[in-house]
2 protein chains.
Amino acid sequence: MLASNTPTKGRPREFDVDVALTAALRVFWSKGYEGASLTDLTEAMGITRPSLYAAFGNKEALFRRALDLYEREKLEYTRRALDAPTAKGVAERMLYGAIDAQCSECEPKGCLGVISAVACGAEADAIREHVIARRVSSRNALVERLEQAKQDGDLPAEIDIDGLTGYLFAILQGMAVQAGAGATREDLEKVVKTGLSMWPGR
Amino acid sequence: MLASNTPTKGRPREFDVDVALTAALRVFWSKGYEGASLTDLTEAMGITRPSLYAAFGNKEALFRRALDLYEREKLEYTRRALDAPTAKGVAERMLYGAIDAQCSECEPKGCLGVISAVACGAEADAIREHVIARRVSSRNALVERLEQAKQDGDLPAEIDIDGLTGYLFAILQGMAVQAGAGATREDLEKVVKTGLSMWPGR
DNA sequence: TCGCTAACATAACGAACGGTATATAATGCC
DNA sequence: GGCATTATATACCGTTCGTTATGTTAGCGA
């Protein structure tokens with residue numbers, strides 16, 4: 001259990017920080033950083049503005065906390081995918097995991113990372129940089145895994161690992177765009193099946 | 001030549017509507033619909049707010065005009081791609097055309113359609129629906145072209161055309177996300193080459 | 001019970017947003 | 001030369017934005 005909050009002095013907090021953060025994540029996820037107003041956030045979190053600022057700092061800090069939560073819980077499949085025995089297995093877990101993550105019935109459609117990296121205005125520039133920077137490490141991990149697969153003989157010797165990584169990421173990001181635009185699970189399953197049918201190696 | 005503006009009565013306008021619209025497109029393209037403020041727009045267009053409202057109606061109508069211009073000029077390659085002799089030729093023109101469109105030195109990175117479809121808040125919902133609806137016809141055209149290619153024997157008989165279309169769109173949209181996130185032309189060329197190397201048929 | 005501390009609720013802050021009212025300047029028509 | 005018409009320039013509208021000052025309430029240690 002992570003070191004939670006035990007102030008032991010002063011009036012105790014009437015809400016659960018983790019619950020509130022989960023609610024905030026859902027708002028950011030469905031509306032984007034700029035699209036999520038403080039009114040949206042506080043209503044969903046069930047707290048007032050001063051409580052939000054006391055607990056999280058400000059809107060940007062709250063977003064980073066929500067992004068942490070998102071990556072830890074909703075993007076866990078990307079880490080587990082790397083454990084697949086073959087390169088194709090990695091791609092398979094990634095792609096089907098993306099469908100589950102982006103087409104859940106009870107959660108917003110699309111990918112918070114893609115939403116935040118694409119949009120939008122001036123105030124979100126720092127956020128955009130932050131989101132983009134985070135994806136780098138995730139990408140590096142995939143590059144390493146595919147390099148290993150190449151050495152294992154799971155991929156043809158002549159393949160460009162960097163290109164293959166960008167290619168797989170592009171499909172994942174494109175699926176996120178389509179999910180956000182209303183694509184159904186069946187739509188995305190067709191995309192995944194088509195992509196996997198032409199994946200090189202095993 | 002389209003029916004331009006010939007009011008013949010009253011004070012003549014001091015700016016060129018098409019030039020102003022081009023400037024507005026660049027602003028929407030780089031900042032998104034919500035990220036582009038009226039101040040951004042009027043400064044880039046070199047006109048005042050009342051002139052903007054007199055000439056274009058309001059911000060949303062201006063965006064639709066800019067989107068028309070974008071699809072007519074910047075997305076022309078998607079229509080010309082359909083004229084390629086084979087299915088793989090279509091994919092090739094689409095993918096390399098996307099690189100040119102999204103990595104131009106003198107224009108914003110990424111794709112206005114993707115940016116607008118992904119982002120963002122409540123006020124942009126109508127815009128989002130509009131952008132998504134437009135992509136449908138573009139997608140249908142690609143489906144038809146690939147069906148034809150299948151009959152021509154350019155694609156394996158067992159291939160799922162709908163899946164292949166969504167797959168190609170996903171790569172294109174993913175490339176737009178990556179271009180907006182700072183990917184270079186070389187990065188995207190690797191993605192395209194990887195994708196084309198595993199394209200089915202000819 | 002009395003402070004000390006911290007979270008609560010209310011209400012307000014300045015700034016920026018999309019959109020206009022008003023007044024002035026420039027054209028074509030009679 | 002008026003007159004109607006339309007574009008321009010300035011200044012402002014009401015609303016919403018993220019953020020915070022202020023006063024009150026609840027728990028802990030003394």
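Worth saying up front: this structure is predicted, and the values here are computed from it rather than measured. Any value given below was found using the heavy atoms of this structure, including those in side chains, with hydrogens, waters and symmetry copies removed. Here is the naming used below: chain letters follow the sequence lines, and residue numbers restart at 1 for every chain.
Using bins of under 30°, 30° to 60° and over 60° for the plane-to-plane angle, the ring pair B/Trp29/B/Tyr70 lands in the perpendicular bin.
Between B/Tyr167 and A/Val192 the shortest side-chain heavy-atom distance does not fall below 4.5 Å. Side-chain contact between A/Glu76 and A/Arg79 is present, with at least one heavy-atom pair separated by less than 4.5 Å. Between B/Trp199 and B/Leu164 there is a side-chain heavy-atom pair separated by less than 4.5 Å. Counting heavy atoms from C-beta on, the side chains of A/Val131 and A/Tyr33 never come closer than 4.5 Å.
B/Ser37 and B/Asp40 share a donor-acceptor pair across their side chains, judged by distance under 3.5 Å alone. No side-chain donor from either of B/Thr165 and B/Asp162 sits under 3.5 Å from a side-chain acceptor of the other. No side-chain donor from either of B/Gln173 and A/Gln173 sits under 3.5 Å from a side-chain acceptor of the other.
Following rounding to the nearest Å, A/Ile47 (CD1) and C/dA6 (C1') show an atom-to-atom distance of 15 Å. Rounded to whole Å, atom P of D/dT15 lies 20 Å from atom CD of B/Glu34. Rounded to whole angstrom, the span from the CG atom of B/Leu41 across to the C1' atom of C/dG18 amounts to 11 Å. Atom-to-atom, CD1 of B/Ile127 to P of C/dG18 comes out at 12 Å; the value is rounded to the nearest Å. For the pair B/Leu52 CG and C/dC17 C1', the computed distance is 15 Å after rounding to whole Å. For the pair A/Met45 CE and C/dC8 P, the computed distance is 11 Å after rounding to whole Å.
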### Query
Base, backbone or nothing for each nucleotide of nucleotides 19-27 of chain D, written B, S, -, heavy atoms under 4.0 angstrom, 5' to 3'?
BBB---BBS
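Using a cutoff of 4.0 Å between basic side-chain nitrogens and carboxylate oxygens, A/Asp83 and A/Arg80 are not scored as salt-bridged. A salt bridge is defined here as a Lys NZ or Arg NE, NH1 or NH2 lying under 4.0 Å from an Asp or Glu carboxylate O, and A/Asp68 with A/Arg134 meets this definition. In summary, B/Glu14 and B/Arg11 engage in a salt bridge, as defined by a charged side-chain N under 4.0 Å from a carboxylate O.
Between D/dC17 and A/Ser37, a contact under 4.0 Å exists linking OP1 or OP2 to a side-chain N or O. Between B/Ser51 and D/dT8 there is a side-chain polar atom (N or O) within less than 4.0 angstrom of OP1 or OP2.
For B/Thr48, whose side chain is taken as the heavy atoms from C-beta onward, the closest listed nucleotide among D/dC17, C/dC8, D/dA9 is D/dA9.
DNA chain D lies under 4.0 Å from no heavy atom of any residue of residues 61-70 of chain B. Residues from residues 19-28 of chain B with heavy atoms under 4.0 angstrom of DNA chain D: there are none.
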